[in-house]
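These notes concern the structure reproduced below.
We use all heavy atoms of the structure for the numbers below, so side chains are in, but hydrogens, waters and symmetry mates are not.
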Amino acid sequence: GSPAEVNLRDRDIVNMRVAAHAGAPVLLAGDIDRGGVFAALLGTLALLRPAERRRVAALVVNNFRGDPALFAGGAAFLERRARLPLLGVVPHVEGLRLAQEDSLGLPAMRSGAAVIDVALVGLPRISNFDDCDPLLREPGVGVRLVERGDDLGDPDLVVLPGTKTSRTDLEAARARGLDAAVRRARRRGAAVLGICGGMQLLGRGIDDPDGLDAAPGSSPGFGLLPATTRMSAEKVVRRVRGEVLPLPGLLAGAAGVEIGGYEIHAGRTPARRPPLRLRDEAGGAPSDDGSSSPDGWVVGTHVHGLLDEPRLRRALLRAVAVRRGRRWRPGPPVPGPEAELDRLADAVGAALDMERLRAIIGGVNGARR
């Protein structure tokens, strides 16, 4: 978004309110690859309130393709009109794969010819959908976004991601025919994985007597997992580690593998034939997590980040391929999110005037002291 979305200013904490609350300076960055970077930067400055405008310490031009020397005239123009320094021109980093900020990036989750077809169910209030990013890093795996039951087809693996409002999205999924389509795919041999809110949708139902997620009441689920979720006003937010429990089906080849991740959910879904045993990183007794079907080919868990563990991810994909009678081989180790962030950090560090940036940061820290 923009720090100057005037239609949201009175209620959107994302704009300049956090910077003002923290007493922090602001760098205003514009994506030149989208075009209109001069209008974006100068127009934003013009729309900021005077106090917000004074908080902007410098400009950054981002995602530039080609020789940055060709932008020297543009840089001078921006500094002259904005009366602010331009810290640098960050180059476009080819092939950089970062987690998408929000669901607007989902349509780009495509892959070419694939041995394994993964259907990601597109819920209206989808969240934490970067759980599927590790699948896109594997060769021979195609991930497609499916928002209507008629488009699901016959995938090898169906993934239901998290959602901000499980019961509301459950009703929306039913209206779009997704519940029936997923059940048909399951009968035809598809494996199904539900993560957090996705697991809640796959169960027998969601009880919400206090109307925390919608009007008070209950909604029947997809009926593919043997657990019922009850909504709670108290949210679970914690980092966890654990291991995969021995089960048949989707995770059979990953039994004993150590995993890590995090939970962030309001609903409580009891463990039924749990696939994971977890330990809270802050301490506490181990606990079982998730639910699975009797044959193990439908699995649900509260844990986000599960597929970041390569041994689990590749065991899951091998199981899906064997079930479909196909050969799938993992490629060489692929860079994880940390390596991609390091690539971005190197590019930014080389492009920006870091001494000037440190001076901007140091000025604020000095004022606090």
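- A distance-only check finds a donor-acceptor pair linking the side chain of D213 to the backbone of R167 [under 3.5 Å].
- Between D133 and R137 there is no salt bridge, since none of the side-chain N atoms of the basic residue sits less than 4.0 Å from a carboxylate O of the acidic one.
- Minimum interatomic distance between L160 and V158 (heavy atoms only, all atoms of both residues): CD1-CG1, 3.8 Å.
- There is a path of hydrophobic side-chain contacts, each under 4.5 Å, that joins L276 to V159.
- Sequence neighbours left out, the pairs with a member in residues 261-274 that pass side chain to side chain donor-acceptor pair (under 3.5 Å) are N128-Y262, T229-T269, R238-E263, E263-H265.
- In the hydrophobic clustering of ILVMFWY residues, with side-chain heavy atoms under 4.5 Å counting as a link, L48 and F38 come out together.
- Using modelled atom types, one side-chain atom of R326 and one backbone atom of V115 make a donor-acceptor pair closer than 3.5 Å.
- For the pair R174 (side chain) and P220 (backbone), a donor-acceptor distance under 3.5 Å is present.
- Looking only at side-chain heavy atoms (C-beta outward), D210 and M231 stay at 4.5 Å or farther from each other.
- The residues R279 and E258 are annotated as salt-bridged, a charged nitrogen and a carboxylate oxygen being separated by less than 4.0 angstrom.
- Below 30°, between 30° and 60°, or above 60°: for F71 and F64 the angle between ring planes is between 30° and 60°, a tilted geometry.
- Ion pairing of R324 with D154 is present here, as a side-chain N (NZ or NE/NH1/NH2) and a carboxylate O approach within less than 4.0 Å.
- Panel note: side chain D117, backbone D156; no donor-acceptor pair is recorded below 3.5 Å.
- Transitive grouping of hydrophobic side chains (ILVMFWY, heavy atoms separated by less than 4.5 Å) keeps L47 and L78 in distinct clusters.
- With salt bridges taken as basic N to acidic carboxylate O contacts below 4.0 Å, none links R176 and E147.
- Heavy atoms of other residues, nucleotides or ligands lying less than 6.0 angstrom from CZ of R83 number 12 at most.
- The cluster map of Ile, Leu, Val, Met, Phe, Trp and Tyr, joined by side-chain heavy atoms under 4.5 Å apart, puts M354 and V93 in the same cluster.
- In the hydrophobic cluster analysis, where Ile, Leu, Val, Met, Phe, Trp and Tyr join through side-chain heavy atoms closer than 4.5 angstrom, V143 is grouped together with L193.
- In this structure the side chain of P161 never reaches within 4.5 angstrom of the side chain of D131, judged on heavy atoms.
- Within the 4.5 Å cutoff, the side chain of T44 has heavy atoms near those of the L28 side chain.
- Side-chain contact between P330 and R318: present, with at least one pair of heavy atoms (C-beta onward) separated by less than 4.5 Å.
- Counting only distance, with no hydrogens or angles, the side chain of D295 and the backbone of W297 share a donor-acceptor pair below 3.5 Å.
- Of all non-hydrogen atoms in D169 and P124, the two that sit nearest each other are OD1-CD, 3.4 Å.
- For T301 (side chain) and D289 (main-chain N/O), no donor-acceptor pair under 3.5 Å exists by modelled atom type.
- Looking at E52 and R55, no side-chain N of the basic residue comes within less than 4.0 Å of a carboxylate O on the acidic one, giving no salt bridge.
- Side-chain contact between V90 and L352: present, with at least one pair of heavy atoms (C-beta onward) separated by less than 4.5 Å.
- Side-chain atoms of D208 come within 3.5 Å of backbone N or O of A214 as a donor-acceptor pair.
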